[in-house]
Structure formats: structure tokens, C-alpha cells
Amino acid sequence: MGKPHVLMIPLPAQGHVIPLLELATVLAKHGVQVTFVNLDIIHSRIVDTSSPHIHLVSISDGLESHERLVPGRCIEVWYDSMPQKVEQIIKENSVSEDEKFSCVISDQSLGRIQQVAKKMGIASVAFLPAAAASLVLGFNIPKMIENGIIDGEGTPLKQEIIQFAPTMPNMVSSDFTWVNTRILSRQKAIFNIMMQNDEAIKSADWTICNSIQDLEPGAFSLAPNVVPIGPLLASIEPGNSAGHFLEHDSTCLDWLDHQPVHSVVYAAFGSTTIFSPSQFRELALGLELTGRPFLWVRRSENSTTGVGNQAFPEGFLKRISSRGLITNCAPQQKVLSHPSIACFLSHCGWNSTVESVSNGVPMLCLPYFADQFINRSYITDIWKVGLPFEHDDGGIIGKEEIKNRVDQVLGDHVFKQRALQLQKIIQDSASKGGNSYENLTNFVKWIQG
Ligand code: UDP
């Protein structure tokens, strides 16, 4: 028999493609042949695969661009149509012994693919590119319905703060992953799929998670079958741009080279955050008001919807030109490891969170939706490596609040100290003999057969 051949399928979103392609890179390094499936809209944007052992293929979801704007539509269509396409690919590859897949690794949120693999007699792995805590929240849905915390569609019946175990985040019912998507049709779609996924995961041979045991001991104790193998970025070449949709602007790094050590506020909000015009304005003015150098990733358009971002306040660009750099896409992993970075003002996507703490960088939290509120609670309540913001009566985080919180995080060395302690814990876990390292090694051996 030839090399093991693995079929990998991410959820079609930036924060899901990057870590799965990082895992593909690790497997390829160990001689595993990988076929990596993306939707055509993403396939055409992938900048770099970094390995000749990774073969990228594309499928279509058949959606027209206007349909992508209908809340909840994409996720429902992906959930329904991707398993059939994957089944087709598996069948086509079954003809030759050399091409045959030995394992299917799919995003945990595409649970039906795990069931397709099982049905076809192929080993199946669910990959979670989020905190284990988000899975624990999903596992608790039936209990929360029973206890009258949410109804059968996931709508909160009371405002409650739940902590499933000590060292787990405080979860506010109005911020539950599906609820904070803000639009009822999207809430229902995500909620239904989460429930189906909780069932589907039972058919997976492994559930692996891009997290670290010591970062989430409470969550892993409640989800003992979930295996932490993170952070995957520790297992690949630093700054590998595999799976990124946009070309990185590397001039950021030259600019950072010219800033004093621990001086720069790095502000970036992932691939889907959309600010209201007033929030965008306050953010700009808040960064200006800090009086500190800042690097701001301000996407000219949202990667999923294509919606353009807002205009800067009048005179802003001129006023900040000597100490602010604005870019469309930064090489974030490299940025966060740069000595001039002081703190990260972030939407708290799981990848951004892990990248920040892996580099010992304190955070300021401006979550937008989905699991980002869970991650914020880890950052501010559990690990205590950052601060949240308070909204004003109109729901806006004002410029003064932004300035004050940045000052607070940078004025108290305890945030940096804790962030460095966390960095050490993560490094130990990803080093030989560490928990994540051993788990990943065992997983790779299992894949190699
Ligand atoms: N990212 C990047 N450059 C940017 C902005 C983001 O490389 O300018 C990367 C970032 O390092 C992370 C991913 O895009 O790996 C975003 O994932 P995350 O889970 O933080 O947020 P999402 O996009 O899923 O909301």
C-alpha cells in the first residue's frame, strides 16, 4: 500500500480554512497525501498551499451571490449539499488503490460529512477550530431546553449567566453562539445545525481541537473525548500563509521594525466583523486618542458578504499619518510575534485569541458574534490577560472608553506578566513531552496507520 491519503474539508470561512490547512501542512510533513476541498469561491482565493503533498480541489455550492446575503442561507446549503459532493469525491477516488482515502477530516460544524465517511466505511475525524468550551455549550443544549433557559429554537427564555465548570467562561444566554447572530432565521439555522452536529460527532473516530489542555481544563473535563492538539501554528513554519484569502501586506513588518519595543496597539477584527458607521468612527478616533502608534487592519470589504467598510472621520488619515498604519491584510501571526507589539485590540476569533496568547500579547476585547463572546470571557475573566469594553447607552464603545482601556491594559504590567505565563504554558504543551505535542504525534501515527 502507498502513502495514506486523507480527504480534508473545512467550513468555507477564513477562520476555519487556515487552521485546517495548518493541520494538512503538518500531515504532509509526515508523508501523508492530502486532498483538500474548498468551495470554488474560496479555492480561487487561496494564496499558498505551501506543500506539494497537498492537492487543492474545489466544489460548488450552487449559490448565487445575492443568495449569500440571505442570513442563515449559506450555512444551511453547505450543511445539506457538501456531504453529497464529498461522497462523490470519495467514490471517484475509490477506483484506484493508490487514490483511495484512508480517512476523512472535516470541520466539526459539517457533521454530516462525518456520517458520510462512516457510512462509506472510512475513518472519520471531526476538527474543531474553536475553543472546546463552544462544544460544551452545544452539548448542553438539551439540558438548557429542559431547564427552561432556552426554547426549542434556541431563543433565551431568561437572561442567565452560566458557567458549566470552574475555569470555563461565563456564558450569558443573550450571547450564546447562535443567539448573538442577531437575526432569527440565522439563529434557527445555526441552532439546528449545532444540535445535529452534537449527534454526528458520535460517529467520528477522533474529535481534535485546536486548543490546549491547560488553557481549558474545565471544558476538556466535560468533553473527555475531545483531544487538544493546538496551537497548530506551533507545528508549522512561522508565518506560513497557507489558506489565507488575501495577500499579506508585508510592509507592516518593516514599519513595526521602526517602532519602539512594546509600543504598538495592533487592531484587527478577523474576516467577518462589520462595524456600524458610528462604531467605526469611535474606533478610529479611539485609536487616535491613545496617542500611541497603532497598526489597524481595516478590511476594505467583508470577505463573506463583500460589503464595503466605512469611511474614516474627516482629517483622520492626515492626523495619524506619523504614527498609525492602516492595511487591508497583515501577516497577523508574524505581527503578533513582533517585539514592538504592546497589545491586541481584537474581535476575539479563536485563531486570533490563540495567536495572541501564544505570543504573550495582552488583549482588548471587542467581540462581534458567534463564539467570540465565549473567547472574550476566557481572556478577561479566566486567564485575565485582557479587558472588555463597556458600551454606552446607545450600544456604542466610545473613543474615551477605547483610550482608557488601552491605557489600563498597558499601564498595569500584570496583564503582560499573565500573558507571558500563558505563552510559556502553551509552548510547553506544544514541545516534545507536552500534552498537545504528544496528542498530535499519536494522531499523526494513527493517520499513518
Ligand atoms: N488574519 C491575518 N491577517 C489579517 C487578519 C486576519 O492573517 O489581517 C488571520 C488571523 O491570523 C487568523 C485568521 O485570519 O488566523 C482569522 O481567524 P479568527 O478565528 O481570529 O477570526 P474569523 O476571521 O474567523 O472571525
Side-chain angles (χ1 to χ4, degrees), residues 10-23 25 42 45-48 50 74-75 107-109 127-131 133-134 177 180-181 190 209-211 230-253 255-256 264-275 294-305 309 325-338 341 344-359 361 363-376 378-379 386:
L11 189 80
Q14 179 68 100
H16 292 250
V17 174
I18 291 174
L20 196 65
L21 209 37
E22 285 176 346
L23 179 62
T25 308
I42 285 175
R45 303 178 70 170
I46 297 284
V47 174
D48 177 18
S50 82
C74 282
I75 182 92
D107 198 287
Q108 182 268 333
S109 48
F127 173 73
L128 179 69
S134 1
T177 313
N180 64 41
T181 56
I190 294 177
C209 176
N210 190 21
S211 182
L232 283 162
L233 63 98
S235 308
I236 58 169
E237 202 188 310
N240 177 312
S241 59
H244 291 252
F245 298 177
L246 296 174
E247 196 81 54
H248 286 152
D249 168 9
S250 294
T251 58
C252 304
L253 300 173
W255 183 84
L256 287 173
V264 175
V265 179
Y266 173 56
F269 306 95
S271 52
T272 48
T273 305
I274 303 169
F275 291 116
F294 65 84
L295 170 61
W296 180 9
V297 180
R298 177 257 192 189
R299 289 273 156 95
S300 53
E301 63 171 37
N302 177 285
S303 74
T304 311
T305 63
N309 227 323
L325 184 68
I326 293 160
T327 179
N328 195 38
C329 186
Q332 181 163 300
Q333 294 183 5
K334 281 188 187 160
V335 165
L336 285 167
S337 67
H338 196 284
I341 294 296
F344 183 13
L345 204 172
S346 166
H347 72 309
C348 308
W350 183 246
N351 294 293
S352 294
T353 303
V354 169
E355 289 161 13
S356 197
V357 290
S358 296
N359 284 293
V361 176
M363 299 179 77
L364 290 133
C365 304
L366 213 162
Y368 175 65
F369 82 152
D371 61 337
Q372 295 156 14
F373 292 85
I374 295 177
N375 306 336
R376 174 183 65 182
Y378 265 138
I379 296 161

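Remember, it's a predicted structure, so these values are computed and weren't measured experimentally. One-based numbering, in listed order, for ligands and for the atoms of each.
With atom 20 (O) of ligand 1 as the reference point, the heavy atom nearest to it among Gly243, Ser352, Ser346, Ser271 is part of Ser352. Nearest-heavy-atom check against atom 19 (O) of ligand 1 across Val297, Asn351, Asn328 picks out Asn351. Of the options Arg299, Lys334, His347, the smallest heavy-atom separation from atom 5 (C) of ligand 1 is shown by Arg299.
Of all protein heavy atoms, the one lying nearest to atom 7 (O) of ligand 1 is His244 CE1, 3.1 Å. Summary of contacts: the protein heavy atom closest to atom 24 (O) of ligand 1 is Gly15 CA, 3.3 Å. Taking atom 13 (C) of ligand 1 as the reference point, the nearest protein heavy-atom neighbour is Ile18 CD1, 3.7 Å. Of the protein's non-hydrogen atoms, the one nearest atom 6 (C) of ligand 1 is Gln332 OE1, 3.6 Å.
Ring-plane geometry between Phe269 and Phe275 is classed as perpendicular, the angle between the planes exceeding 60 degrees on a 0 to 90 degree scale with a lower cut at 30.
Side-chain atoms of Ser134 come within 3.5 Å of backbone N or O of Ala131 as a donor-acceptor pair. Side-chain atoms of Gln14 come within 3.5 Å of backbone N or O of Gly243 as a donor-acceptor pair.
Interface of His248 with ligand 1, defined as ligand atoms under 4.0 Å from a residue heavy atom, comprises 7 (O).
A side-chain contact (heavy atoms from CB on, under 4.5 Å) with Cys329 is found for one member of Arg298, His244, Arg299 and no other, namely Arg299.
Val335 is listed as a side-chain neighbour of Leu253, based on a closest heavy-atom distance under 4.5 Å.
Judged by the shortest distance from any of its heavy atoms, Cys329 lies inside the 4.0 Å radius around the atoms of ligand 1. Residue contact check for ligand 1: Ala330 places a non-hydrogen atom closer than 4.0 Å to it.
Contact annotation: for Glu355 versus ligand 1, heavy atoms closer than 4.0 Å belong to the side chain alone.
Across Asn351 and Gly15, no two heavy atoms sit closer than the pair ND2-O, 2.7 Å.
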